[in-house]
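Working notes, structure below.
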Amino acid sequence: MSHLLEVRNLVTTFRNEGKEFNAIEGVSLHVDRGEIVGIVGESGSGKSVTMLSSLQLIASPGRVAGGEVYLEGIEQNLLSFGSDSEQMRQIRGGRISMIFQEPMTSLNPVLTVGYQIQENVLLHTDLSQEEAKKRTIEAMKMVNIPDAETRYDYYPQQFSGGMRQRIMIAMAMAPNPDILIADEATTALDVTTQAQLLEMIRRIAKETNTAVIMITHNLGLVARYAERIYVMYGGHMMETADCKSIFHETRHPYTRALLRAIPRLDDPKDRILIPIDGLPPVPSQRPDYCPFYARCEYRCDRCLQHTDAAMKEVLPGHWSSCCLTEEELAAREEELQHKDYGASPERKQSDKLCLDVKDVRKYFPVYKGLLRKKVGEVKAIEDITFFVRQGETLGVVGESGCGKTTLARCIMRMYEPDEGQIIFDGEDVAHRKDNELKAFRPKISMIFQDPFSSLDPRQNAESIVGESLLIHKLVKDRGEYAQRVDDLFRKVGMDPALKDRVAHEFSGGQRQRIGIARALSSNPRMIICDEPISALDVSIQAQIINLLENIQAETGISYIFIAHDLAVVKHISDRILVMYLGRVMEIASCDELYENPLHPYTQALLSAIPVPDPVTEEGREAITIQGEVPSILKRPTGCPFHNRCPQCTELCKKETPALHETRDGHMVACHQY
Amino acid sequence: MSQLEKNLSPEKARKAAKEHKAKNRRVFIKTLFSRKLVLVSSIILVLIILAAILAPVISPYNPNAIAVKERNQSPSAAHLLGTDEYGRDVLSRIIYGSQVSLIVGVLAVAIACVIGTTLGMIAGFFGGFVDDVISRIAEAIRVIPQVVLAIALCAVFGGGIVNMAIILGISNMTVYIRMMRSQVMSIKERDYIMAGRLQGNSNWRLMLRHILPNSVSPIIVTMTQQIGGTILSEAGLSFLGLGISVPTASWGSLVSGGRAYLLSNPVYSLAPGFAIALLVVCLNTVGDGVRDALDPRLRGEV
């Protein structure tokens, strides 16, 4: 049986420090015409390297060391062509196109988008200049760019991120390729935009019978869009099957562990996430047996002898690389069922308010010209009112530009709000001067999104964690200081022996743990977590979520948990606040919000999040909203959401709805209710 | 994580920490000298410094002893690099001259660095009016060509080692102001500075504990390169007769003195010139080596 694209036993090596190691090892896959295939894996699992190697786009010090790649209609192994040969250049972009993650940097800013798409058409087809222009405009229409004829002459920076990614897709699709590779193509976009784009890719693929290879780390996305799935880990192909089989007859222990570790939108509130222990192996120190061995809960001694990376067919069309038999897996599964992972920690909440925010507003002035004249205002956040009880977690969700970060900074008093009250622990701190804030600082702290930029690269872990102990004189002497720092390390699950290392010597998950230890050091009443896990790998995320939950159970701390991933927010929060363009849209308790979302924006947001389960996905009602989040500079009058809202009325265009209570603490800002 | 999570006893932890520090130091030394060129340059640099310190012991003659009978000699067994127009031994004068070059170079750069870094950090950190004032002063100094400025200052304050150092320090200061200002402006926006602020760090503590250590790499590199440049400037000013006053030997004035005899006794002028070039090249090479070895990211990969 021949396939459209077939990769057999591909091996790519990288050279580092004079040593050569395999980045991917004996990876095989195939794609048929018109099918949507997903490749999932964590960062460093080799999913991108596999596709780049097949196209011979691996740059030095990498090298394709072995394997075969066949494309329909070409008898020869593609790897036998030179990387710069005419044949390869015709295939790349012509028969196989690729789109990448960063729409902001993948377009040339000095050329019009039309020219860039047309260039690709001219390179790979025999069309004349005029025909190519026609094809270009067709392609732009295909990806739903309005006024394609006019936009043809626009420059990339005149488009938003989502629009640029549409242009990238138009460019990739214009020469009618057989295969489109989307390498994390929607990861950098907002969830509602992501849903729009993937729906569109699926539609185009089906209309033009193009095969799509989706490379992603998001299991939900492949569950919703892919027909067949490959799971990669540590440079090896772990498991492959059609979508339903992967999720419902999961064979490989790695895939099973992943599914247990990720929070889902349809989870019951008390589900415990079971993290995968440890860290993925460093490519240069990967064992020659199964790379997952060290973290696997099913491992046995036989795994150590099993050095064959090839997958075996375990069910019809379902291949797995695990050497354990079905009976062995089932027996082990039985044992694991009884293993105690600890119950979801019991948390104590009081009715006492920890934070009470009333009508907070923050505008940023815009200056222009030589004399720095004030010409306008960026209305970052306005009319923000909410409260957080002691020991409670409030989730804050919203797409980029909705003011989540500004809000966090106002609460932390990095910014002084223009108006409103921020009552923290019974005292209004909104308009305190810098020198009056000293007593407030240790009571509230923050965990940052990027574990790499949030730790001082020149300080060792000990002084990062212990700094506020010294600043606020929370310890009496050196001995107590050392004791406290060691305690903090243990609290976040790290060995105090590591405290002399500097930040870059730790992995991302460990760095985030240090960040948490720092946030805990002054015994705060509240921690603001600004997307604390979105920069981490899926298998590490669960470790951090569980850590945060345990800390809350132990200390009764309050969290404000900012994120765009609603599944994670749902898992950790008690109540959720939805923001859009600087305004609160809806506040409700967690279950209430997911079962009974009132605001049309909340409904669309929830619908855009895929669930890693194809059967559930089929039964879900899809609500797609049009357009993208407008720039905060161009906020519509009236309800900020009215121009994208399917239920918009005349009233919505004129009057901004106020946040009001519908029942039992469920607040919504919509004229319908 | 499994081996990380098992807790060590406090003594063991401390011992492990100590070993880790020692290992870091070893890695630094190893990285620094892993390049042959850096190793050779450091050795030469150490030799030059030793020569400057031990000048009274190792120089064959008194550098200022005039011997009219022996003037303008070519190199010989008695005078390895010959003698000058007053019969003074050129080798001894070069050895003593290294003192002047090194002291002026290091002192001038230290002055420039301390003043410039402080002003630049304040300008970058506080911005606004403070920044405007400091930046305008720096620009005012910068629009005057360095040599012209130095000549003017020399004419007013006179020569001498300390005056030379101050003059060259002030004229070099603007580089540090500009560099530090832009460094601080980018670093102060990073998350870890925000984290530091949220922990209640005062502005001064933030600057000294968090911003300064993170901007020190380019400063060290600039310093080592500036030592070379300053030595050249000093030599240039002495060559013009403005710097170190006679009879103190300085490499610049030696090159200048030998100029008249370039055809009859080329070694007189070339030898101090070669010494200047050697010192400057070695300083720059070591500076680059230190920069690479200090960079934690580069070091981490070794």
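Convention: sequence-line order gives letters A, B, ...; per-chain numbering from 1.
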Part of A:Ser453 lying under 4.5 Å from any heavy atom of chain B: both
Which of A:Glu467, A:Gln459, A:Met412, A:Gln483 touches chain B most, by non-hydrogen pairs under 4.5 Å: A:Glu467
Does any non-hydrogen side-chain atom of A:Glu297 lie less than 4.5 Å from one of A:Asp277? no
Answer yes or no for A:Lys362 and A:Phe364: cation-pi contact, defined as NZ/CZ to six-membered ring centre under 6.0 Å and angle to ring axis within 45°. yes
Interface residue of largest heavy-atom contact number with chain A, from B:Arg197, B:His210, B:Arg209, under 4.5 Å: B:His210
Please classify the contact between A:Arg518 and chain B as side chain, backbone, both or neither, with a heavy-atom cut-off of under 4.5 Å. both
Option in A:Lys438, A:Met446, A:Met414 with maximal non-hydrogen atom pairs under 4.5 Å from chain B: A:Met414
Indicate whether any N or O donor in one side chain lies under 3.5 Å from an N or O acceptor in the other, for B:Gln199 and A:Ser445. no
Under a 4.5 Å heavy-atom cut-off, does chain B meet the side chain of A:Leu455, its backbone, both or neither? backbone
Based on non-hydrogen pairs under 4.5 Å, which of A:Glu462, A:Arg409, A:Arg295 is most in contact with chain B? A:Arg409
Is the NZ or CZ atom of A:Arg299 positioned over A:Tyr293's six-membered ring, under 6.0 angstrom from the centre and within 45° of the axis? yes
Heavy-atom check, side chain of A:Pro496 versus side chain of A:Val485, under 4.5 Å: no
Going by the angle between their ring planes, with limits at 30° and 60°, are A:Tyr233 and A:Phe292 parallel, tilted or perpendicular? perpendicular
Heavy-atom proximity to chain B below 4.5 Å, by part of A:Ile464: backbone
